[in-house]
**Q** 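The structure follows.
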Amino acid sequence: MSATPPLGEACPNADSFPCNAGTFEIISLALAAGGAGLAMSLSLTKKLNGMPRGSDLMNSISDKIKSGARSFLVTEYSYLIRYVVVTAVGLFCLYFFDPVSTEKLDGMRYSVCFVMGAFLSAAAGWNGMVVATDANVKTTQAADKGGLNAALQVAFTGGAVMGFMVVSLGLLGVSLMYYLVGLGYDNAAESDILMYSADALAAFGFGASSIALFARVAGGIYTKAADVGADLVGKIEMDIPEDDPRNPAVIADNVGDNVGDVAGMGADLFESFVGSIIAALVLAEDDVVGIMLPFWIAGSGIVASVIGYFFVGIKNPNANQKELLMALHKGTIIASVIEIIFAAIIVTFLFQGREAVGWSIFGCICLGLTAGVLIGQATEYFTSYAHWPVQSIADAGETGPATVVIQGLGIGMISTVIPVVILAITILVCDYLAGLYGIAMSSVGMLSTLGITLATDCYGPIADNAGGIAEMADMDDHVRETTDALDALGNTTAATGKGFAIGSAVLTSLSLLAAFKTKAGIEVVDITEPTVLTGALIGGMLPFLFAALTMLSVQKAAGAIIVEVRRQFAEIPGLREGTAEADSDRCVAISTKSSCQEMILPGLYAILSPLAIGFTIGGKALTGLLAGAIISGMMLAIKMANAGGAWDNAKKYIEIEGAKGGKGTDVHKACVVGDTVGDPFKDTSGPALNILIKLMSIIALTIAPSIAGAEEWEHWYWGLIPLGVMFVGSYVVYKMFWRGPIEPDQTQPPEGSNLSSVV
């Protein structure tokens with residue numbers, strides 16, 4: 001424990017509430033708010049279930065998308081169950097033989113926390129996929145019968161189910177586990193139990209992070225392999241429209257929207273949400289109010305998000321993109337304002353006698369909320385076709401695809417400036433106001449209204465699927481026009497959501513890094529020390545290695561899809577003319593197989609790197625590794641996500657607004673190439689980097705008690721285990737999956753799939 005109180009001043013009256021609050025009182029508001037959020041999610045699900053689904057053909061298409069998404073997640077989770085079991089056993093052994101509290105039960109506490117974090121993260125992703133694949137056809141039906149506002153409400157309701165489910169499961173899970181792991185300490189002081197419980201929760205975050213990593217990587221590879229394959233052969237070579245039922249990869253493309261952008265994003269932000277709370281708990285040490293505050297702020301944020309949900313909607317049936325965007329912004333802005341009011345009330349109540357400390361922390365919470373909004377606005381500027389950056393990419397298309405790619409890369413690089421400045425100001429001001437705990441609370445504040453923020457992000461894939469169903473079902477033009485408007489809005493909200501995810505990932509990772517330093521007993525880190533600099537160099541390299549592996553995986557999987565789609569157009573008589581059915585099962589099988597195989601190697605390096613450095617060299621080198629990874633990972637993630645979003649919306653700018661002559665022109669084809677390059681940027685490699693830096697940080701925090709107090713190289717022999725697994729695993733994965741192309745003829749449709757082609 002630090003010599004000075006973690007919040008600057010100790011609780012003024014240890015014999016009265018809130019300073020003498022027990023564990024159940026600490027989590028009381030969080031449990032109530034988590035229950036309310038879960039009830040809201042179930043209520044919206046019931047509302048969604050009562051909405052009309054449209055024609056039999058529409059339902060058939062929707063069911064095929066749902067079946068493909070379900071088959072993918074079942075396959076992915078079958079891989080992950082083995083990983084979860086092995087890692088849980090490893091944690092049990094580590095903390096059984098080297099317990100944090102001298103009690104052997106610590107091994108059970110850490111392993112159970114890990115399993116629960118993994119289970120709840122997977123459950124959130126599964127639930128999001130089920131709801132999204134149910135809402136897509138209902139959005140199409142609403143666009144046909146009810147118009148723009150009705151379709152917006154249906155799609156947003158589907159996204160809101162996911163948003164509220166993620167925050168509710170996250171808060172209920174972390175709260176209940178905090179209470180449960182504190183039981184059974186018979187001879188420990190209450191202050192020690194509070195810290196032991198927070199330490200064990202790091203394993204909960206580890207479990208959530210692990211599932212998030214694999215969900216993001218595998219889902220991203222799946223969706224972009226199918227998307228790239230469908231676009232390059234369908235749009236460029238065969239000159240058929242997007243989502244045309246003649247394209248064998250179109251079902252796989254629509255499945256990918258759900259497994260990547262819904263299940264993957266949900267697991268990503270679930271991890272950030274619980275990670276920010278865990279970091280604040282660790283940094284609060286034994287200050288009861290400091291421990292209580294993140295639970296209560298997160299809980300009040302759920303309530304604020306529920307209120308904000310009811311303000312989303314439009315009145316103008318012919319609303320433009322700016323008006324549609326404002327319709328969604330209304331909900332997030334109102335939720336943020338309400339959360340600030342709630343935070344002020346909570347701080348006033350909890351910090352009586354420490355008002356100066358309380359209002360300093362309140363300032364950090366407000367800064368976190370504001371930073372999240374500003375980063376979202378900056379991302380919107382660089383990725384919305386209403387602004388110059390995206391329009392400049394369309395202008396570059398007049399001289400061909402090469403200049404489109406060059407312009408997009410430049411836009412992506414320059415887009416890093418504003419988020420970095422915002423985060424730098426937030427970190428410096430919060431450190432001045434409330435130290436490391438203040439930085440952690442700014443992260444909690446930023447993520448407090450995640451319920452509605454995630455709803456606006458998950459709305460996009462639902463709208464995209466709705467447009468695909470309208471095209472495949474050959475519905476009237478006005479339906480596709482409505483879904484296209486919602487889809488374009490979804491591209492912007494998705495890009496904004498990715499910007500928010502990156503910003504929250506950086507703040508959460510910094511908070512976890514600070515918590516790791518505290519738990520590992522590291523007071524000063526000198527960047528000129530060879531071990532620290534070595535760690536920083538390796539950490540700075542890892543995001544590039546990780547991004548490279550995921551990009552190469554998309555190229556490899558997309559190549560197999562392209563070969564298969566070309567084969568079907570060449571060998572199936574009448575497919576090009578629309579008189580024969582495409583074998584979409586084959587493309588779904590290729591994407592499923594390749595994405596699950598290709599996620600192994602990036603995951604191996606992400607999980608084992610901090611273990612290898614931490615145990616082999618020591619805590620200071622691991623601190624350098626985390627710092628290097630956070631810095632380079634942030635820059636690369638922002639660049640890739642924003643460049644990809646800008647390329648995508650440059651294409652949409654031409655298709656929807658008719659700019660540069662509209663569809664079919666050479667400028668349009670050049671921007672399609674840019675969009676294809678940007679697909680793995682924005683939907684695979686970029687988003688996965690958020691999880692990389694958070695996962696390595698939470699792993700470091702999980703093992704911090706084991707390396708605390710050790711000298712450099714003292715336990716180098718333990719580091720040989722993760723190093724050996726890394727090298728052997730790399731060789732095995734290379735021999736099994738990487739050394740040759742994916743053979744389409746060797747893939748089979750997922751077992752139990754009822755997928756078939758649709759014309």
Side-chain angles (χ1 to χ4, degrees), residues 220 223-224 227-228 231-232 235-236 242 260-261 321 375-420 460 487-488 490-499 501-502 543-544 547-548 550-552 554-555 558 632-657 659-663 665-689:
T223 183
K224 290 305 108 180
D227 194 6
V228 169
D231 282 356
L232 284 182
K235 288 183 179 180
I236 304 262
E242 186 172 5
D261 293 337
Q321 285 293 302
I375 290 172
Q377 293 297 311
T379 305
E380 179 190 322
Y381 173 75
F382 283 104
T383 58
S384 171
Y385 68 61
H387 305 293
W388 172 82
V390 171
Q391 294 175 7
S392 73
I393 294 176
D395 293 339
E398 295 179 356
T399 50
T403 47
V404 167
V405 172
I406 292 169
Q407 183 73 10
L409 287 173
I411 293 297
M413 291 176 185
I414 203 169
S415 70
T416 62
V417 175
I418 296 176
V420 167
D487 184 23
N491 285 336
T492 301
T493 59
T496 303
K498 289 180 177 71
I502 294 167
F544 287 88
T550 51
M551 290 282 286
L552 292 171
V554 170
Q555 182 277 327
S632 73
M634 175 190 175
M635 305 305 168
L636 195 57
I638 294 173
K639 171 202 159 185
M640 298 183 87
N642 288 351
W647 275 317
D648 189 3
N649 274 339
K651 179 196 70 174
K652 286 286 193 294
Y653 178 53
I654 294 171
E655 293 175 346
I656 295 175
E657 301 296 333
K660 306 298 177 182
K663 290 184 181 181
T665 62
D666 288 341
V667 176
H668 178 237
K669 291 179 180 178
C671 287
V672 169
V673 173
D675 174 42
T676 305
V677 173
D679 275 337
F681 266 51
K682 68 181 176 66
D683 290 323
T684 307
S685 300
L689 291 172

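What you see is a predicted model, and the numbers here were worked out from it, not measured in a lab.
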**Q** Which distance, rounded to the nearest 0.5 Å, do you find between the CZ of Phe544 and the CE of Met551?
**A** 12.5 Å

**Q** Rounded to the nearest 0.5 Å, what separates atom OH in Tyr381 from atom CD1 in Ile418?
**A** 8.0 Å

**Q** Name every donor-acceptor pair, under 3.5 Å, that has one atom in a side chain of residues 397-414 and the other anywhere in the protein, sequence neighbours excluded.
**A**
from   : atom 1 : to     : atom 2 : distance (Å)
Glu398 : OE2    : Lys660 : NZ     : 2.9
Thr399 : OG1    : Ala396 : O      : 3.0
Thr399 : OG1    : Thr403 : OG1    : 2.7
Thr403 : OG1    : Ala396 : O      : 2.7
Thr403 : OG1    : Gly400 : O      : 2.9
Gln407 : NE2    : Ser392 : OG     : 2.9

**Q** Between Thr416 and Pro419, which heavy-atom pair has the shortest distance, and what is it?
**A** O-CD, 3.5 Å

**Q** Taking the side chain from Ser384 and the backbone from His387, do they hold a donor-acceptor pair closer than 3.5 Å?
**A** no

**Q** Closest heavy-atom contact between Ile502 and Ala641?
**A** CD1-CB, 4.1 Å

**Q** Please name all residues satisfying side chain to side chain contact (heavy atoms under 4.5 Å, CB included) with Thr383, sequence neighbours left out, ordered by chain then number.
**A** Thr379, Ala495, Asn642

**Q** Could you pull out all residues at least two apart from Tyr653 that satisfy ring-ring contact (aromatic ring centres under 6.0 Å, His included)?
**A** Tyr385

**Q** How many angstroms lie between atom NZ of Lys224 and atom CD of Gln555, to the nearest 0.5 angstrom?
**A** 16.0 Å

**Q** Mind checking the CD1-CD1 spacing from Ile375 to Ile638? Nearest 0.5 Å is all I need.
**A** 7.0 Å

**Q** Could you check if a side-chain atom of Met640 sits within less than 4.5 angstrom of a side-chain atom of Lys682, using non-hydrogen atoms only?
**A** no

**Q** With rounding to the nearest 0.5 angstrom, report the NZ to CD1 distance, Lys663 to Ile654.
**A** 11.5 Å

**Q** Do you know the tightest heavy-atom contact between Ala650 and Val390?
**A** N-CG1, 3.4 Å

**Q** For Thr550 and Ser685, which heavy atoms make the closest approach, and how far apart are they?
**A** OG1-OG, 2.7 Å

**Q** Is there a side-chain contact between Lys652 and Asp675 (heavy atoms, below 4.5 Å)?
**A** no

**Q** So, taking the atom named SG in Cys671 and the one named CG in Asn649, what distance separates them when rounded to the nearest 0.5 Å?
**A** 11.0 Å

**Q** Closest heavy-atom contact between Pro687 and Thr684?
**A** CD-O, 3.6 Å

